[in-house]
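Read the structure below first, then the notes.
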Amino acid sequence: MRRKIIAGNWKMNKTPSEAIKLVEELKPLVDNEAVDVVFCVPAIDIVPVVKACEGSTIQVGAENMYFEESGAYTGEISPAMLVDAGVRYVILGHSERRDYFKETSEDVNRKMKKAIEHGITPIMCCGESLEQREQGITLDWIRQQVKVGYQGIAAADAAKTVIAYEPIWAIGTGRTATTEQAEEVCGAIRQCIAEIYDEATAESIRIQYGGSVNAANAAELFAQPDIDGGLVGGASLKADFGKIVNYDR
Ligand code: PGA
């Protein structure tokens with residue numbers, strides 16, 4: 001039985017002092033021992049959020065990371081910096097990073113390897129555009145993103161990672177994929193992992209759905225056999241996140 005993982009993606013929201021306030025507000029609401037709850041926050045919020053989460057079961061994640069150890073990479077954050085600050089997870093290859101910052105699947109693969117080397121669990125995002133869905137190439141595209149993303153990663157390491165399926169047309173639009181669409185692609189991702197590795201790895205890896213997840217649709221999405229939780233943007237900044245985390249209550 002895979003443990004559900006529900007992660008908030010704060011994106012570029014909340015100053016450090018606002019972040020502490022939000023954690024204080026959400027802390028009593030996201031108490032659910034049965035699921036992994038992760039707050040992925042802007043880099044500057046990591047240190048205060050880790051401190052504010054002390055004494056709770058909330059784990060803290062980053063939204064990005066660079067693939068070098070240290071050096072002349074102005075503006076970047078290294079894996080060791082994240083580990084030292086108390087970070088356990090990192091979102092890699094979010095569609096906003098791929099679109100606006102021109103990150104390629106090869107970049108994502110290098111970051112995946114570095115995160116794993118440092119004991120940080122990557123949450124690797126993949127997802128198709130509306131145009132790709134309409135062209136009927138969704139599954140080909142997702143398989144490509146997954147195959148390149150996991151190149152050179154050992155089965156034992158891959159088994160512990162997380163993949164977030166996020167159709168780009170569903171992100172921040174209020175237009176959630178239907179449960180059938182979400183399950184179809186998450187199932188295809190698991191099948192792809194089985195082809196790259198084996199059944200055991202495919203059964204272990206956790207696959208989230210992301211894209212306009214909210215308190216009203218979370219329970220049905222998370223009940224699907226291949227959906228092991230969610231990556232939540234907008235609704236993770238509100239009390240609603242408590243309802244999403246407690247979707248089964
Ligand atoms: P959304 O964002 O929940 O606001 O659609 C999801 C994401 O981009 O991770």
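One-based numbering along the sequence shown. Remember, it's 1-based here, ligands and their atoms both numbered in the order they're listed.
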At a 4.0 Å threshold, what atoms of ligand 1 neighbour a non-hydrogen atom of [X]?
| X | answer |
| --- | --- |
| His94 | 7 (C), 8 (O), 9 (O) |
| Gly172 | 1 (P), 4 (O), 5 (O) |
| Glu166 | 6 (C), 7 (C), 8 (O), 9 (O) |
| Gly211 | 5 (O) |

Requested in this report: Report the nearest protein non-hydrogen atom to atom 4 (O) of ligand 1: residue, atom name, distance rounded to 0.1 Å.
Outcome: Gly234 N, 2.9 Å

Query raised in the report: If you measure from each non-hydrogen atom of Ala170 to ligand 1, which part falls under 4.0 Å: side chain, backbone, both or neither?
Result: backbone

Query - Ile171 contact mode with ligand 1 (heavy-atom cut-off under 4.0 Å) - result: both

Requested in this report: Assign the ring pair Tyr247 / Phe222 to parallel, tilted or perpendicular, where the plane angle (0 to 90°) is split at 30° and 60°.
Outcome: perpendicular

Query raised in the report: Quick check: does Thr173 get an N/O under 3.5 Å from an N/O on ligand 1?
Result: no

Query - Donor on one side chain, acceptor on other, His94 and Glu166, under 3.5 Å - result: yes

Report task. Just grab all the side chain to side chain donor-acceptor pair (under 3.5 Å) pairs involving residues 42-56, residues at least two apart or on different chains. Result -> none

Query - Thr121: side chain to side chain donor-acceptor pair (under 3.5 Å) partners, not counting sequence neighbours - result: none

Query raised in the report: Is the shortest heavy-atom distance from the side chain of Val146 to the side chain of Ile193 under 4.5 Å?
Result: yes

Query raised in the report: Does CH2 belonging to Trp169 count more than 12 external heavy atoms closer than 6.0 Å?
Result: yes

Requested in this report: Using a cut-off of 6.0 Å, state whether more than 12 heavy atoms not belonging to Glu220 lie near its atom CD.
Outcome: no

Report summary line: To atom 1 (P) of ligand 1, the nearest of Cys40, Ala7, Gly233, Ala235 on a heavy-atom basis is Gly233

Query raised in the report: Is Ser212 in contact with ligand 1, taking contact as a heavy-atom separation below 4.0 Å?
Result: yes

